[in-house]
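As the structure lists them, so they are numbered: ligands from 1, and atoms in each ligand from 1. Starting from 1, each residue takes its place in the sequence as its number.
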Amino acid sequence: MEIYFKDEQIATKNLSPGLKVYGEKLIVENQIVDEEEVEVEYRLWNPYRSKLAGALLNGLANLNLANDYKILYLGASTGTTVSHISDIVYNGLIYAIEFSPITMRKLTRLADNRDNIAPILADANKPKSYMNLVEKVDFLYCDVAQPNQSELFMDNINLFLKKKANGLITIKSRSIDVSKNPKKVFKEEEKKLLENGFKILEKIKLEPYEKDHLALLVEKIF
Ligand SMILES: C[S@@+](CC[C@H](N)C(=O)[O-])C[C@H]1O[C@@H](n2cnc3c(N)ncnc32)[C@H](O)[C@@H]1O
């Protein structure tokens with residue numbers, strides 16, 4: 001998986017060199033490739049802007065995104081995290097689901113510069129509405145910050161994720177129940193996943209980047 005760690009920072013190789021997506025820093029290095037010196041451009045991946053970067057810097061160890069993976073991404077927003085996944089799966093495709101038309105405009109502009117992003121304006125609660133657009137995928141990412149996010153994560157997994165493949169959900173305690181202790185909320189969400197036959201591979205807290213957030217990496221075992 002092509003993610004670069006250096007001096008407690010994380011970066012991906014820029015699929016559209018020269019272009020920034022959300023004001024991130026670009027770093028150019030000279031490297032020898034096939035006995036020739038070439039310039040390679042990296043984009044720093046900001047963990048305060050992307051929960052996946054936060055999870056990786058906090059030790060997420062079993063994420064494995066091959067460069068040709070097909071990915072279903074729920075809650076794409078303007079594409080901050082989508083853009084870094086797009087750098088990683090440069091031979092693959094990301095089906096990026098977002099239900100806000102205003103946010104979708106920026107996501108569409110991102111997809112204009114990257115052939116491996118397919119933006120889809122749709123409600124992740126209604127996965128059957130995009131069944132004709134999305135194929136079976138190798139990885140499913142869910143970051144919708146909604147009270148029923150575990151349920152919609154599982155519904156989408158059941159329809160689109162290949163068997164034995166993995167998915168990652170970020171859980172924002174306050175989106176589920178602002179009055180409950182986050183630990184209790186996390187336990188309840190984990191229980192739902194376990195009761196529905198998912199195996200939890202890793203649990204990563206997202207502090208200091210995000211308060212009261214947990215990332216769960218799960219495997220579809222059925
Ligand atoms: C926390 S933001 C996502 C940030 C993004 N994943 C990133 O890291 O760049 C949550 C996004 O999910 C979208 N969203 C919430 N509920 C949704 C639903 N049911 N279907 C599709 N998108 C949804 C919101 O409009 C918002 O853009």
TODO: Specify side chain, backbone, both or neither for K51, according to which of its non-hydrogen atoms lie closer than 4.0 Å to ligand 1.
DONE: side chain
Open item on the list: Any salt bridge linking K172 with D143? Criterion: basic side-chain nitrogen under 4.0 Å from a carboxylate oxygen.
Closed with: no
Open item on the list: Among N166, I157, I221, exactly one meets side-chain contact (heavy atoms from CB on, under 4.5 Å) together with F198. Which residue is that?
Closed with: I157
TODO: Give the numbers and elements of all ligand 1 atoms closer than 4.0 Å to a heavy atom of N125.
DONE: 19 (N)
Open item on the list: Any nitrogen or oxygen of G75, side chain or backbone, less than 3.5 Å from one on ligand 1?
Closed with: yes
Open item on the list: Is it the case that the ring center of F186 lies less than 6.0 angstrom away from the ring center of H213?
Closed with: no
TODO: For atom 26 (C) of ligand 1, find the nearest protein heavy atom and state the residue, atom name and distance (0.1 Å precision).
DONE: E98 OE1, 3.6 Å
Open item on the list: Among all the protein's non-hydrogen atoms, which is closest to atom 7 (C) of ligand 1, and how far away is it?
Closed with: T81 OG1, 3.3 Å
Task: N-O pairing of K184 and E188 below 4.0 Å - done: yes
Task: Atoms in ligand 1 with a heavy atom of A122 nearer than 4.0 Å - done: 20 (N), 21 (C)
- [ ] Just need the protein heavy atom nearest to atom 4 (C) of ligand 1, so name the residue and atom and give the distance.
- [x] D143 OD2, 3.4 Å
Task: Considering all heavy atoms, the nearest D123-S129 contact - done: O-OG, 4.5 Å
Task: Nearest-neighbour protein heavy atom for atom 20 (N) of ligand 1, which is reported as residue plus atom name and distance - done: A124 N, 2.8 Å
Task: Residue, atom name and distance, where the atom is the protein heavy atom closest to atom 14 (N) of ligand 1 - done: F99 CE2, 3.5 Å
Task: salt_bridge(E190, K203) N-O dist < 4.0 Å - done: yes
- [ ] Quick one: look up the protein heavy atom nearest atom 19 (N) of ligand 1 and list residue, atom name and how far away it is.
- [x] D123 OD1, 2.8 Å
Open item on the list: Tell me if the CD atom of E29 is crowded by more than 12 foreign heavy atoms within 6.0 Å.
Closed with: yes
Task: Protein heavy-atom partner closest to atom 6 (N) of ligand 1 - residue, atom, separation in Å - done: Y73 OH, 2.6 Å
Open item on the list: I'd like to know if K70 pairs up with E135 as an ion pair, taking the criterion as any Lys NZ or Arg NE/NH1/NH2 lying under 4.0 Å from an Asp or Glu carboxylate oxygen.
Closed with: yes
- [ ] Can you pull out the closest protein heavy atom to atom 16 (N) of ligand 1? Residue, atom name and distance to 0.1 Å, please.
- [x] Q146 NE2, 3.1 Å
Open item on the list: Using a strict threshold of under 4.0 Å (side-chain N to carboxylate O), is an ion pair present between E189 and K192?
Closed with: yes
- [ ] Please identify which atoms of ligand 1 are closer than 4.0 Å to at least one heavy atom of S77.
- [x] 3 (C), 4 (C), 5 (C), 27 (O)
